[in-house]
Protein chains: 2
Amino acid sequence: MNKRENKQLRGVITREKILTKALELFKKRGYNKVTVDEIILASETSKGSFYQHFPSKASIFLYQFSKADEYYTEISKNIPNDLSELTKIEYFSLEVLDFLDKDMGKELMRVIYSSAIESNEHTFFINANRPLFKIIRTYIEKAFSNNEIKNGYSLDEVYTTLIQGIMGIIYHWGINNNITSLKQVGQPLLSAIIIGFKTPSNIITSTEEKPSY
Amino acid sequence: MNKRENKQLRGVITREKILTKALELFKKRGYNKVTVDEIILASETSKGSFYQHFPSKASIFLYQFSKADEYYTEISKNIPNDLSELTKIEYFSLEVLDFLDKDMGKELMRVIYSSAIESNEHTFFINANRPLFKIIRTYIEKAFSNNEIKNGYSLDEVYTTLIQGIMGIIYHWGINNNITSLKQVGQPLLSAIIIGFKTPSNIITSTEEKPSY
DNA sequence: TAAAATACTAGACTGTGGTCTAATATTAAT
DNA sequence: ATTAATATTAGACCACAGTCTAGTATTTTA
């Protein structure tokens with residue numbers, strides 16, 4: 001190993017020590033109970049090192065979320081091909097929910113959802129999800145090609161509707177303390193939305209029967 | 001005025017001074033930019049007084065939300081009676097969104113949604129909304145009586161689905177920086193959900209065609 | 001190999017929301 | 001009217017995430 005690697009190595013090792021210890025502590029005592037000072041004490045490093053390697057306490061916790069994209073791609077590959085595109089969307093979304101529940105966990109999801117809304121630096125949330133967004137968008141495009149969407153919505157409307165639905169499912173599950181699985185609580189909304197897309201709406205109904213709004 | 005009123009008065013006046021000045025500052029410079037020290041300076045009070053009258057900085061901002069319930073009841077009274085119950089739900093929900101957008105504003109909604117998910121003290125969010133929840137539940141019950149719900153969902157499923165949808169709409173709007181109105185971005189999801197409720201689902205489809213999940 | 005540039009580390013310091021305690025004002029009890 | 005109980009106020013203090021600066025180690029340039 002040459003000098004260059006050695007040099008990077010010092011940092012990499014420190015970073016790794018911090019990351020490991022931090023995640024260990026978060027797991028043991030919960031994210032909110034663990035302080036940065038504790039992490040640097042346990043990992044025998046310093047404030048300076050901590051913030052050299054991580055931009056915030058949250059980022060180190062959120063780091064776990066980076067495997068998500070990888071997994072989404074995996075899920076999408078394993079979807080039976082004989083399903084309609086809309087059914088694929090439902091199937092895929094439910095698998096995503098299952099993954100978030102079982103592999104990521106409620107506490108992490110809460111931290112993700114709260115940091116996304118409490119600051120304008122939700123770049124991560126929006127960007128890191130790109131693969132998720134792209135996968136969904138691709139399905140929608142195909143659904144349009146196959147004429148599966150019959151309620152007159154545009155691609156963007158369908159897309160936004162789905163994202164709103166998924167976010168609503170996760171947010172609602174996040175603030176509730178019951179132990180029902182995310183997949184289970186999310187299934188009805190997803191189904192209803194998909195059915196909504198499939199069902200031709202009476203144009204007269206939506207423009208004349210309810211003219212007041 | 002007797003002694004008792006006088007005594008309460010001192011506190012009430014202080015409380016009012018803090019509240020007024022705080023909301024004024026929040027409005028002028030934004031919630032996050034205003035510090036508690038600034039508020040007590042501007043209102044000529046003290047830390048002790050501030051926390052005597054308010055449990056947190058957020059609570060003083062969230063205070064504005066207390067008129068919400070009142071307004072929800074008002075909306076529900078003014079809904080045309082010749083609409084179907086499901087249409088009423090859609091109408092009502094859209095009016096709620098309109099109110100939250102125009103009267104409450106995005107910053108307040110973000111603070112509400114972030115404090116609800118970042119601590120377990122979201123009692124307020126859940127409880128203060130009771131009237132909203134009750135109104136929606138009542139509509140749903142009537143919709144069931146009128147046989148408007150044809151997709152086989154239980155009352156709780158319909159209820160949860162709607163709440164998830166509404167929360168999703170608000171959350172999604174909250175993290176996005178575009179200026180589209182909440183009502184406008186929420187309309188498609190609400191419509192799709194309602195259509196989903198109305199549309200009989202093929203029972204065989206949901207239990208046999210997709211047995212793998 | 002000397003000098004310059006860069007990465008890394010340590011820990012003092014800051015900003016800010018929130019707590020605690022002691023003092024004072026007000027009300028209630030006797 | 002005295003005393004006890006309670007509400008209110010002031011501001012020192014604490015906790016904790018995050019910043020800043022000075023110093024050290026490593027790498028690159030020449």
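Residue numbers start from 1 in every chain, and the chains themselves are labelled A, B, ... in the order their sequence lines are given, proteins ahead of strands.
- For the pair A:E16 CD and C:dT9 P, the interatomic distance rounds to 13 Å; values are reported in whole Å.
- Considering only residues two or more places apart in sequence or on other chains, B:F61 meets the ring-ring contact (aromatic ring centres under 6.0 Å, His included) condition with B:F26, B:Y31.
- Using cut-offs of 30° and 60° on the angle between ring planes, the pair B:Y72 and B:F99 is perpendicular.
- Spacing between atom CZ of A:F50 and atom P of C:dC13 amounts to 22 Å, rounded to whole angstrom units.
- To the nearest angstrom, P of C:dT9 lies 13 Å from CD of A:E44.
- Within the structure, every side-chain polar atom (N or O) of A:T45 is placed at least 4.0 Å from both OP1 and OP2 of C:dA10.
- Look at CD1 on A:I40: it is 18 Å from P on C:dC8, rounded to the nearest Å.
- The side chain of B:Q52 lies closest to D:dA7 when the candidates are D:dA10, D:dG18, D:dA7.
- For residues 175-198 of chain B, no pair satisfies ring-ring contact (aromatic ring centres under 6.0 Å, His included), with sequence neighbours left out.
- Scored by the side chain to side chain contact (heavy atoms under 4.5 Å, CB included) test, A:N178 finds A:N176, A:T180 as partners (sequence neighbours excluded).
- With sequence neighbours excluded, the residues forming a ring-ring contact (aromatic ring centres under 6.0 Å, His included) with B:Y113 are A:Y171, B:F125, listed by chain and number.
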What protein N or O atoms touch nucleotides 19-24 of chain D N or O atoms at under 3.5 angstrom, if any, and at what distances?
none

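- Sequence neighbours left out, the pairs with a member in residues 43-67 of chain A that pass salt bridge (charged side-chain N to carboxylate O under 4.0 Å, His left out) are A:D37-A:K47.
- Checked against D:dA17, C:dC8, C:dG11, the side chain of A:H53 finds its nearest nucleotide in C:dC8.
- Between D:dT9, C:dC8, C:dG11, one nucleotide has an atom nearer to the side chain of A:S46 than all others, and that is C:dG11.
- With sequence neighbours excluded, no residue satisfies side chain to side chain contact (heavy atoms under 4.5 Å, CB included) with B:Q52.
- For the segment residues 19-38 of chain A, no residue has any heavy atom less than 4.0 angstrom from an atom of DNA chain C.
- Residues satisfying the side-chain hydrogen bond (donor to acceptor under 3.5 Å, both in side chains) criterion with B:K88, sequence neighbours excluded, are B:N81, B:E85.
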